[in-house]
Amino acid sequence: MAAAKVTASAAAPATRVSAVFRSNQELTRLARSGQLAAARRLFEEMPRRNVVSYNAMLSALARHGPLADARRLFDEMPRRNVISWNVMITACSHHGHVTDARELFDAMPARDDFSWTLMVSCYTRAGELGLAREVLDRMPGEKCAACYNAMISGYAKNGRFDDAVTLLHEMPVPDLVSWNSVLAGLTRNEGMSRSVQFFNEMPEKDLVSWNLMLEGYAGRMNEARELFDRMPERNVVAWNAMLAGYVHLSHMEEAYKLFTEMPDQNSISWTTMVSGYVHAGKLQEAKDVLNKMPFDSVTAKTALMHGYLRSRRIDDARKLFDGLAVRDAVCWNTMISGYVQCGMLDEAMVLFQQMLNKDMVSWNTMIAGYALYGQMPLQHFMHMRRDSKRADWSTYACCFSACANLAALHVGRQFHSLVVRSGHISGSFSGNALISFYAKCGRILEARQVFDEMERHDIVSWNALIVGYASNGNGADAILVFRKMEANDIRPDEVTLVGVLSACSHAGLIDEGLHFFNSMTKLYSLKPVAEHYACMVDLLGRAGKLREAFELVQGMQMEPNAGVWGALLGACRVHKNHELAQLAAEKLFQLEPRKTSNYVLLSNISAEAGNWNEAEKVRFLIKERNVHKPPGLAGST
DNA sequence: TATGCGTAGT
């Protein structure tokens, strides 16, 4: 043995190096495609490993395994280079472990442009824009464009367009990616009128810019088509955006026509078709498309699995799941949630325990499932959560939000006592979730008690209490808390104002509401967003001032969203304004073509107005557009 | 060879 080793190393170091090289390539491939088990096996079997082997294995674990495993490998590595550190930071960032990411960033011996960019995007992803900006500003020398872009898209995603544009102009050479980041924020959050304006002002445009605009027109196919025809060139992404538009409207004939006309279809085009048929309730067609699909795609199979599960065809779904070569978190969660919705909690639990990379959705699904069926093996969950100790606050937060959404007061109380015993109450995360939980369950006094017992209050704590009072119809107390918050020198944010405005609305404080709304910008330098307009429409609507409400909507700087039209529609119902209801409903159907409650509301308004023809027409629309009731309420189908 | 994901699935 020893002799053979000596000969090998003396004979041809070059071949040995290339063997490691080849193994590394294979390892990288397995890591990329998510074949974690195979990657592990190869890594274990490799007679020699270099830093690249370790990095490849680390990135496989970072992307597809539990964070703890990645960390263990990172700590065991004989040698690390800057990429090892960067991969580890990425892993922490993806799992929401921002503090760990920062500790690594501070500890690393040398940083490259990548590291700085990673840290900025880690913070923006967590909504910590201030900290992200500090990192960007601290970056020595000439800052790279990617780092600026991470910050710009962080601002844009959070609706801070002025900051995004300001930073864009501070860049030595703003590239197209920077412009496109802002445009992406606009098309996804602000509606199209502002996007069009920005798009026209862009110094140059590429395919990404055009495609973002197309994506923004989703469901408004006349406008989309017009833009599509105007494009100087089209790639598969553009075609896919058009396809998604038709699919979004459940116009599957048109989608299919487009699909056959496309110059080339990629895996996303096929997946879009599969999911389109699934949402249209056409499972056979979905299955046919999937079978013809020349790519192996977890995403497409997950879509069909979802369809089966919605029709309670558990065995068909499970067969698909078992046949998957690569399983990511989404497909696990889909299968687990399918079991939960069918009341098969034991099966759900078995899968949940087998799942390696559980995320928030997995935990939420299981906890909500047990809460739904009135059981909750609390200790069991807490034991299981040991594998990622540091995320304990998030477990509690997610328990509380599950309980709150289900109004599971009793179970939530049990969690509360567990939190107290485990000492996690001091952190504001679980405390804030607890406030919201009690408030959502209508126990505002208990919410208040939690708030009073907390050591420190951040903006979220104050907001939770204000919104809590408001949603429980106690507008006066909400405003009292708001005044106290101001007295404590805490600067209100957008959420605070949503709470305050809805408090005024619930309490019938019209003048106060108008005052807060009109002085938002001046007093708190907050620009009203769609949610604030929705509150004001609600406020004016409740007071019977429908005309003022409608004028407010027409004067909006941004595209009114579904919340705004929904508030108007609700007000129309109370005050029996049939014409305006019709208009608001039309807008809602465009924005949320699949939401049953909108159709039902309009149908009811028409019926109450004695307009039976109209009511019948709306019911027909529901059938024609294949609008589905949400799963769980669907009964036996 | 390894790292900041334009479009798809919970």
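Below, chains carry the letters A, B, ... as their sequence lines are ordered, and counting in each starts from 1. A quick note: this is a predicted structure, and the numbers were derived from the prediction, not measured.
With hydrogens and angles ignored, no donor-acceptor pair under 3.5 angstrom links the side chain of A:Asn180 to the base of B:dG6.
Electrostatic pairing of A:Lys257 and A:Glu254 does not count as a salt bridge here, judged by no charged N lying under 4.0 Å from a carboxylate O. Of the charged side-chain nitrogens involved, at least one lies within less than 4.0 Å of a carboxylate oxygen, so that A:Arg29 and A:Glu26 count as a salt-bridged pair. For A:Arg102 and A:Asp106, the salt-bridge test passes: some basic side-chain N is under 4.0 Å from an acidic carboxylate O.
Residue A:Asn266 contributes atom CG, which lies 8 Å from atom C1' of B:dT7 at whole-angstrom precision. Look at CZ on A:Arg80: it is 18 Å from P on B:dT3, rounded to the nearest Å. Between A:Phe43 atom CZ and B:dT1 atom P there is a gap of 20 Å when expressed in whole angstrom units. Distance CG (A:Leu243) to P (B:dG9): 12 Å, rounded to an integer number of Å. Put simply, NZ on A:Lys157 is 8 Å from P on B:dC5, counting in whole angstrom units. Whole-Å rounding puts the A:Tyr54 OH to B:dT1 C1' distance at 17 Å. The interatomic distance linking A:Gln265 (CD) with B:dT7 (P) rounds to 20 Å, in whole Å. The CZ-P distance, from A:Arg327 to B:dT10, rounds to 19 Å in whole Å.
Side-chain atoms of A:Leu207 lie closest to B:dG6 of the nucleotides B:dG6, B:dT3, B:dA8. Listed nucleotides: B:dT3, B:dT10, B:dG9. Nearest to the side chain of A:Ser59: B:dT3. Minimum atom distance to the side chain of A:Thr28 is reached by B:dT1, of the listed B:dG6, B:dT1, B:dG9. Distance from the side chain of A:Asn240 is smallest for B:dT7 among the nucleotides B:dT7, B:dA8, B:dT1. In the set B:dG9, B:dT10, B:dT1, B:dT1 carries the atom at the smallest distance from any side-chain atom of A:Val52. Each of B:dA8, B:dG9, B:dT7 was ranked by its minimum atom distance to the side chain of A:Ser297; first place goes to B:dA8. Distance from the side chain of A:Asn86 is smallest to B:dT3 among B:dG9, B:dT3, B:dT7. Here the side chain of A:Arg188 is nearest to one of B:dG6, B:dT1, B:dT10, namely B:dG6. Minimum atom distance to the side chain of A:Val237 is reached by B:dG6, of the listed B:dT1, B:dG6, B:dT3. Residue A:Phe114 has its side chain nearest to B:dT3 when only B:dT1, B:dT7, B:dT3 are considered.
With no hydrogens or angles considered, no side-chain donor-acceptor pair links A:Ser181 and A:Asn149 at under 3.5 Å.
At the heavy-atom level, A:Asn149 lies nowhere under 4.0 Å from the strands shown. A:Ser337 comes within contact range of no nucleotide atom at all, as no heavy-atom separation falls under 4.0 Å. Backbone-only engagement by A:Val87 is indicated by non-hydrogen atom pairs under 4.0 Å involving sugar-phosphate atoms exclusively. Residue contacts for A:Thr299: at a heavy-atom cut-off of 4.0 Å it reaches a base atom on one of the strands shown. Residue contacts for A:Ile83: at a heavy-atom cut-off of 4.0 Å it reaches a base atom on one of the strands shown.
Screening A:Asn50, A:Asn24, A:Asn81 against A:Asn55 for a side-chain hydrogen bond (donor to acceptor under 3.5 Å, both in side chains) leaves a single residue, A:Asn81.
Rounded to whole Å, the C1' atom of B:dT3 lies 22 Å from the corresponding atom of B:dT7.
Residue A:Arg63 has a polar side-chain atom (N or O) positioned under 4.0 Å from OP1 or OP2 of B:dT3.
Cation-pi contact between A:Arg111 and A:Phe105: present, with separation from the ring centre below 6.0 Å and deviation from the ring axis of at most 45°.
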